[in-house]
Structures are given as C-alpha cells and as structure tokens.
Amino acid sequence: MEKNRTEKIFLICFLSILAIGLLVFMSICLVNRGRNFFYFSGKTNMEVLEQKEFDSSLVEKITINVKSSDVHIVESNTNQIEVKISGNKKEEYQVELVHGELRIAKKGGNYFCIGFCYIDYEIEIKLPQSYQKDINIKTASGSIEIGSNLTSDLEISTISGDIETKEIGNASIKTTSGDIDVLKAHDLKLISTSGDIEIDSCKNIDIVTTSSDISIDLLELSKNGKIKTISGDIEIERTNGIYVETKTVSGDTQIRNNNRTSQYELFIETTSGDIEVE
C-alpha cells in the first residue's frame with residue numbers, strides 16, 4: 001500500500017515537472033517566433049567552403065536552393081558577381097553557371113539531425129549595382145538579408161527565418177514563420193503564417209497572413225491593393241489619398257482622410273485585430 005502511494009506521488013511530481021517544462025518551452029516559442037530552437041549558430045568556427053566569381057553580363061538569373069543557410073546579398077564595387085559560402089562543417093556546394101542561370105545549391109543528400117544541431121552555413125553574394133535580372137531564393141531555415149538596392153524581380157520562399165531587405169523592385173515573399181522587414185519596395189506580394197511585417201515605403205501591396213502585426217509607414221498605390229489577415233493589428237501611417245474599405249469581425253477600425261473618389265482602393269480584411277489608417 002505504501003509502495004503504491006510512493007509511486008503515485010513520484011508520478012504526480014514527474015508529470016508536474018514535465019507540464020511546467022512544456023509551458024516554459026511554449027512561452028519561449030511565443031516570444032521568439034520565427035526561430036528554430038533545434039538549430040544553433042556555429043559561426044565562430046566557420047571556414048570558406050566555396051568561392052567563385054562570374055561576369056555579371058553572362059548571368060540572366062540567380063537561383064539559390066538550400067536548406068539551412070543564412071543568405072546575404074550585398075553590393076559589389078565591380079562588375080563581377082562574387083559568391084562565397086562558409087560553414088562549420090565540410091559540405092560540397094554546387095555553384096555554377098548553366099545557360100545563363102547562376103545556380104547555388106548543396107550537393108548530395110540533405111543534412112538531417114535529431115535534437116540540437118550545430119551546423120551553420122552562410123551564403124554571401126556580392127552584386128554590382130547594374131545587375132537587374134531575376135533572383136530566386138528558396139531555403140528551409142536561416143535568415144535572408146538583402147543589403148543591396150535591387151531593381152531585379154525577387155522571389156523568396158522560406159519556412160523559418162527573418163527576412164530583411166533594403167530597396168527592392170517587384171518582390172514575392174512566402175514564409176511560414178519569421179519577421180519581414182522591408183525598407184522600400186515597388187510591387188510587394190507577401191504570404192506569411194506568423195511573424196511581424198514592417199514596411200517603410202511601398203507602392204503596391206498584396207498581403208495574406210494568418211497571424212501577424214502589419215506596420216506600413218508610407219503606402220502609395222498605383223493599382224488596387226489588399227491586406228488580409230486572421231489575427232493581428234494593421235497600421236498604415238500615410239497614403240497617397242486612396243480609398244480604404246475594411247471588413248472585420250472583432251477589433252477597432254479607424255480610417256482618417258478616406259478618399260471615396262480615388263481610383264485606387266485598398267481592401268483590408270481581418271477576423272480579429274485593430275485597423276488604423278491615417
């Protein structure tokens with residue numbers, strides 16, 4: 001009888017500790033949305049794995065298709081496109097120009113691990129200012145940073161990782177989790193599940209998200225635009241005198257200086273969350 005009581009007390013204590021641990025883990029996940037908790041940076045031990053240069057006049061398109069890698073695009077002072085791949089584990093990457101397409105991908109099977117992974121890779125691409133061709137980036141995890149002003153058509157698809165860009169032209173960004181920060185864009189199409197979206201300046205937008213706060217400093221439509229979200233606040237500081245139509249289930253809506261005679265309309269739909277347009 002005493003043995004059974006001891007076993008029950010032990011089981012209750014064990015389950016209580018497990019429940020507390022799960023609650024702590026879930027809290028950290030909510031605070032740090034967009035981070036991969038089983039993926040840790042090892043950049044202190046990184047070495048150059050691949051480094052190549054290409055004549056930019058021969059490159060009609062850049063395609064990056066990798067799994068766990070940070071991607072950084074920076075400005076070059078030459079007419080060459082420079083690709084440098086660094087990592088803390090020796091892996092072979094494919095960096096080649098095929099029929100005008102610069103392809104960057106990891107060779108062989110995909111890296112897989114269970115538990116805490118310390119594998120980290122970084123892809124840095126230096127682009128000349130004159131480059132205006134398509135760029136396609138596809139990753140599973142890792143941050144994507146566009147530190148160069150681009151007029152190219154940009155397509156980004158990632159599962160987890162923050163995305164940050166400077167001035168870009170027409171861009172399509174699709175992500176599951178991770179914050180999106182855009183300095184300036186012309187036509188911007190965003191599809192996101194979770195993660196905050198911040199845009200300093202944009203001409204045209206088409207945003208569909210599940211759970212995101214959306215903040216836009218300046219929106220200057222030259223065609224009809226759309227923002228659709230289930231939960232999250234939407235705030236737009238300035239517009240070019242457009243007409244804003246809203247549809248919401250719960251949440252406060254405040255539209256100032258709404259121009260019903262404008263030829264351009266912004267349609268905002270949300271299930272829960274406040275909408276504010278100055």
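All values reported here derive from a predicted model rather than from experimental measurement. All values below come from the heavy atoms of this structure, side chains included, with hydrogens, waters and symmetry mates left out.
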For V244 and I236, run side chain to side chain contact (heavy atoms under 4.5 Å, CB included): C-alpha distance rounded to whole Å, both residues' side-chain angles, the deciding distance at 0.1 Å, then the answer.
CA-CA 11 Å; V244 181; I236 302 175; over 6 Å; no

Note, I73 side chain near I135 side chain (heavy atom, < 4.5 Å)
yes

Using side chain to side chain contact (heavy atoms under 4.5 Å, CB included), reason through S86 and V48 one step at a time and then give a plain yes or no.
CA-CA 4 Å; S86 305; V48 177; 4.1 Å; yes

Do I104 and L58 share a hydrophobic cluster, counting only Ile, Leu, Val, Met, Phe, Trp and Tyr and linking them when any side-chain heavy atoms are less than 4.5 Å apart?
yes

Report yes if the side chains of I156 and V71 come closer than 4.5 Å at any heavy-atom pair, otherwise no.
no

Please check if any side-chain donor atom of S68 sits under 3.5 Å from a side-chain acceptor atom of S141, or the reverse.
yes

Please report the closest heavy-atom contact between D274 and D252, naming both atoms and the distance.
OD1-N, 2.9 Å

Of K189, K228, K223, K226, which meets salt bridge (charged side-chain N to carboxylate O under 4.0 Å, His left out) against D206?
K226

Sorted by chain and number, sequence neighbours left out, side chain to side chain donor-acceptor pair (under 3.5 Å) with E60 holds for K133

Hey, are the side chains of I125 and I81 touching, using non-hydrogen atoms and a 4.5 Å cut-off?
yes

I need the Q129 CD to T78 OG1 distance, nearest 0.5 Å.
11.0 Å

Measuring from atom NZ of K84 to atom CD of E124, what distance do you get when rounded to the nearest 0.5 angstrom?
5.0 Å

Please determine whether residues I191 and I214 belong to a single hydrophobic cluster, defined as Ile, Leu, Val, Met, Phe, Trp and Tyr linked transitively by side-chain heavy-atom distances below 4.5 Å.
no

Nearest heavy-atom neighbours spanning E265 and L221
O-CD1, 3.9 Å

Side chains of D181 and D162, heavy atoms from C-beta outward: is any pair under 4.5 Å?
no

Say whether, by atom type as modelled, one donor and one acceptor occur between the side chain of D213 and the main chain of D233 under 3.5 angstrom.
yes

Can you see which heavy atom on S69 is nearest to which on I123, and at what distance?
CB-CD1, 4.2 Å

Does a side-chain heavy-atom distance below 4.5 Å link N204 with H186?
yes

Would you say I216 and Y264 are hydrophobically clustered, going by side-chain heavy atoms of ILVMFWY under 4.5 Å?
yes

Side chain to side chain contact (heavy atoms under 4.5 Å, CB included) evaluation trace for N258 with R256
CA-CA 6 Å; N258 209 2; R256 296 186 177 90; over 6 Å; no

For V59 and Y131, work out which heavy atoms get closest and say how close.
O-CE1, 3.5 Å

For T139 and T158: C-alpha separation, side-chain torsions, deciding distance, then whether side chain to side chain donor-acceptor pair (under 3.5 Å) applies.
CA-CA 5 Å; T139 72; T158 183; 2.9 Å; yes

For the residue pair E122 and H72, establish whether any side-chain heavy-atom pair is separated by less than 4.5 Å.
yes

Looking only at heavy atoms, the pair that brings K106 and V66 closest together is N-CG1, 4.2 Å

Distance check, rounded to the nearest 0.5 Å: E167 atom CD versus I146 atom CD1?
13.0 Å

Looking at S212 and G195, would you say the former's side chain and the latter's main chain have a donor-acceptor pair under 3.5 Å?
yes

Summary of side-chain hydrogen bond (donor to acceptor under 3.5 Å, both in side chains) pairs that have at least one residue in residues 236-247, sequence neighbours excluded:
Y243-R260

Counting only heavy atoms not in D55, do more than 12 fall under 6.0 Å of its CG?
yes

Set out, in order, the CA-CA distance, both residues' side-chain angles and the distance that settles side chain to side chain contact (heavy atoms under 4.5 Å, CB included) for L266 and I205, then state yes or no.
CA-CA 9 Å; L266 174 65; I205 56 169; 4.2 Å; yes

Say whether I180 and L183 are linked into one hydrophobic cluster, either directly or through other cluster members, by side-chain heavy-atom distances under 4.5 angstrom.
no

Would you check if there is a donor-acceptor pair between the side chains of E82 and Q80 at a distance under 3.5 Å?
no

State the CD1-CD distance between I85 and Q94, to the nearest 0.5 angstrom.
10.0 Å

Check whether any side-chain heavy atom of K126 sits under 4.5 Å from a side-chain heavy atom of V74, and report yes or no.
yes

Inter-residue atom distance I173.CD1 - I168.CD1, 0.5 Å rounding:
5.0 Å

Among all residues two or more places apart in sequence or in another chain, which pass the side chain to side chain contact (heavy atoms under 4.5 Å, CB included) test with N65?
K138

Do L188 and V208 share a hydrophobic cluster, counting only Ile, Leu, Val, Met, Phe, Trp and Tyr and linking them when any side-chain heavy atoms are less than 4.5 Å apart?
no

Could you tell me which non-hydrogen atom of S272 sits nearest to which non-hydrogen atom of T270, and how far apart they are?
O-OG1, 3.3 Å

For the residue pair T209 and L190, establish whether any side-chain heavy-atom pair is separated by less than 4.5 Å.
no

Spatial distance of atom CD1 (I268) from atom CD1 (I227) [nearest 0.5 Å]:
4.5 Å

